[in-house]
Amino acid sequence: MRIENLGFKVHNYALICVLLLVSSFAFAGDTPTAAEIVKNIRENFNQTHDVIIHFTQTVVMPLSKMSKVTDGTLYLKKGNKYRIETEDNVLVTDGKTSWTYAPSSKRIVVDNYKEDKNTISPDKFLLNVPSDFYVVLLSSNFSDADTTYTLRLTPKNDNSFIRSIKLVVSRNWTVRSAEISDMNDTRYTYTVKDLKINSGLPDSEFEFDPPKDAQIVDLRQH
């Protein structure tokens with residue numbers, strides 16, 4: 001091998017290494033902070049009027065060594081209107097009244113709508129980031145297919161029933177999955193299978209027509 005060619009190859013190799021190093025620094029510098037990711041998610045949510053999410057729910061209970069996987073659909077519209085359908089139950093609220101229907105027992109519980117921060121359900125974690133949690137960025141994953149960021153949320157209130165939340169966020173600032181751990185060490189994981197934003201959901205989607213043979217328990221009378 002001629003010395004001139006060897007020198008040329010070494011020079012090119014060194015140049016490539018330098019360029020890769022510089023580009024890696026530039027790429028890392030583009031990684032948003034946890035605060036910026038949360039800001040982008042909230043801005044995205046503010047522009048969302050309604051959404052349909054098909055999800056998979058996995059519940060793992062270490063104490064009883066039980067786990068269950070269920071598919072479900074979330075319909076949500078601004079104004080505290082949402083409908084969650086799984087094979088086990090249907091939960092509907094129009095922002096004033098809530099209906100919880102269990103098809104297996106044909107039992108419906110009707111109550112005034114109440115927002116419970118300790119309730120674990122997909123509508124609370126698949127669209128926005130709760131404001132009463134501290135947020136840190138755990139990792140970033142860059143690929144040709146997508147870029148994702150993993151966030152860890154811990155409650156500001158020491159008495160919170162929720163112990164921690166882990167969110168995986170896509171580069172279009174939507175949540176791809178949420179893993180919630182409670183004080184009983186039960187772990188709830190919601191994974192988004194499909195998402196449709198601003199399709200124009202009618203208010204009638206958030207009304208509930210009870211089956212004729214259903215048993216109705218109306219807690220609004222108490």
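Count residues from 1 along the sequence.
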Original post:
Passes salt bridge (charged side-chain N to carboxylate O under 4.0 Å, His left out), Arg163 versus Asp182? Steps please.
Top reply: CA-CA 5 Å; Arg163 177 177 291 170; Asp182 66 18; over 6 Å; no
Side-chain heavy-atom pair [X], [Y] within 4.5 angstrom cut-off:
X      : Y      : value
Pro32  : Tyr149 : yes
Phe142 : Thr31  : yes
Lys166 : Leu153 : no
Ser131 : Arg42  : yes
Ile52  : Ser199 : yes
Val51  : Lys196 : no

What about [X] and [Y], same hydrophobic cluster or not, with Ile/Leu/Val/Met/Phe/Trp/Tyr joined at side-chain heavy-atom distances under 4.5 Å?
X      : Y      : value
Leu195 : Phe125 : yes
Phe55  : Val168 : no
Leu167 : Val135 : yes
Val60  : Met183 : no
Ile162 : Tyr134 : no

Counting heavy atoms not belonging to [X], are there more than 12 under 6.0 Å from its [atom1]?
X      : atom1 : answer
Glu115 : CD    : no
Lys39  : NZ    : no
Lys106 : NZ    : no
Asp158 : CG    : no
Lys114 : NZ    : yes

Could you tell me which non-hydrogen atom of [X] sits nearest to which non-hydrogen atom of [Y], and how far apart they are?
X      : Y      : result
Ile84  : Ser121 : CD1-CB, 4.2 Å
Asp88  : Pro103 : O-CD, 3.2 Å
Pro210 : Ile108 : CB-CD1, 3.3 Å
Gly200 : Asp50  : N-OD2, 3.1 Å
Ile37  : Val169 : CG2-CG1, 4.3 Å
Leu137 : Ala34  : N-CB, 3.7 Å

Within the distance-only criterion (no hydrogens, no angle test), does the side chain of [X] pair as donor or acceptor with the backbone N or O of [Y] below 3.5 angstrom?
X      : Y      : answer
Glu36  : Thr33  : yes
Lys78  : Thr48  : yes
Asn198 : His49  : yes
Thr93  : Gly95  : yes
Asn44  : Asn40  : no
Ser143 : Asp146 : yes
Arg83  : Leu74  : no

Original post:
Asp71 and Thr56: side-chain hydrogen bond (donor to acceptor under 3.5 Å, both in side chains), yes or no, with the steps?
Top reply: CA-CA 4 Å; Asp71 289 332; Thr56 297; 3.0 Å; yes
**OP:** Please lay out, stage by stage, how Val175 and Leu127 fare under the test side chain to side chain contact (heavy atoms under 4.5 Å, CB included).
**Re:** CA-CA 6 Å; Val175 177; Leu127 292 169; over 6 Å; no
**OP:** Before giving the answer on side chain to side chain contact (heavy atoms under 4.5 Å, CB included), spell out for Thr191 and Thr58 the whole-Å C-alpha distance, their side-chain angles and the decisive distance to 0.1 Å.
**Re:** CA-CA 8 Å; Thr191 304; Thr58 304; 5.9 Å; no
Original post:
Quick one: ring-ring contact (aromatic ring centres under 6.0 Å, His included) partners of Tyr101, sequence neighbours excluded?
Top reply: Phe208
Original post:
Can you list the steps and then say if Asp218 with Arg220 is a salt bridge (charged side-chain N to carboxylate O under 4.0 Å, His left out)?
Top reply: CA-CA 5 Å; Asp218 195 340; Arg220 297 172 299 175; 2.9 Å; yes
Original post:
Passes side chain to side chain contact (heavy atoms under 4.5 Å, CB included), Val59 versus Thr186? Steps please.
Top reply: CA-CA 7 Å; Val59 182; Thr186 301; 3.9 Å; yes
Original post:
Going through the distances and angles, do Leu219 and Val110 end up as a side chain to side chain contact (heavy atoms under 4.5 Å, CB included)?
Top reply: CA-CA 6 Å; Leu219 300 181; Val110 186; over 6 Å; no
**OP:** Would you confirm whether the ring centroid of Trp99 sits within less than 6.0 angstrom of the ring centroid of Phe206?
**Re:** no
Subject >> Short side-chain donor-acceptor distance under 3.5 Å, Asn172 and Thr174 >> reply: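 Looking only at side-chain atoms, Asn172 and Thr174 do form a donor-acceptor pair, the distance falling under 3.5 Å.
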**OP:** Cation-pi check, Lys81 to Tyr75: give yes when NZ or CZ is under 6.0 Å from the six-membered ring centre and within 45° of the ring axis, no otherwise.
**Re:** no
Original post:
Sequence neighbours excluded, which residues qualify as side-chain hydrogen bond (donor to acceptor under 3.5 Å, both in side chains) partners of Gln57?
Top reply: Tyr190
Subject >> Contacts of type salt bridge (Lys or Arg N to Asp or Glu O under 4.0 Å), residue Lys77, not counting sequence neighbours >> reply: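 Residues passing salt bridge (Lys or Arg N to Asp or Glu O under 4.0 Å) with Lys77: Asp203.
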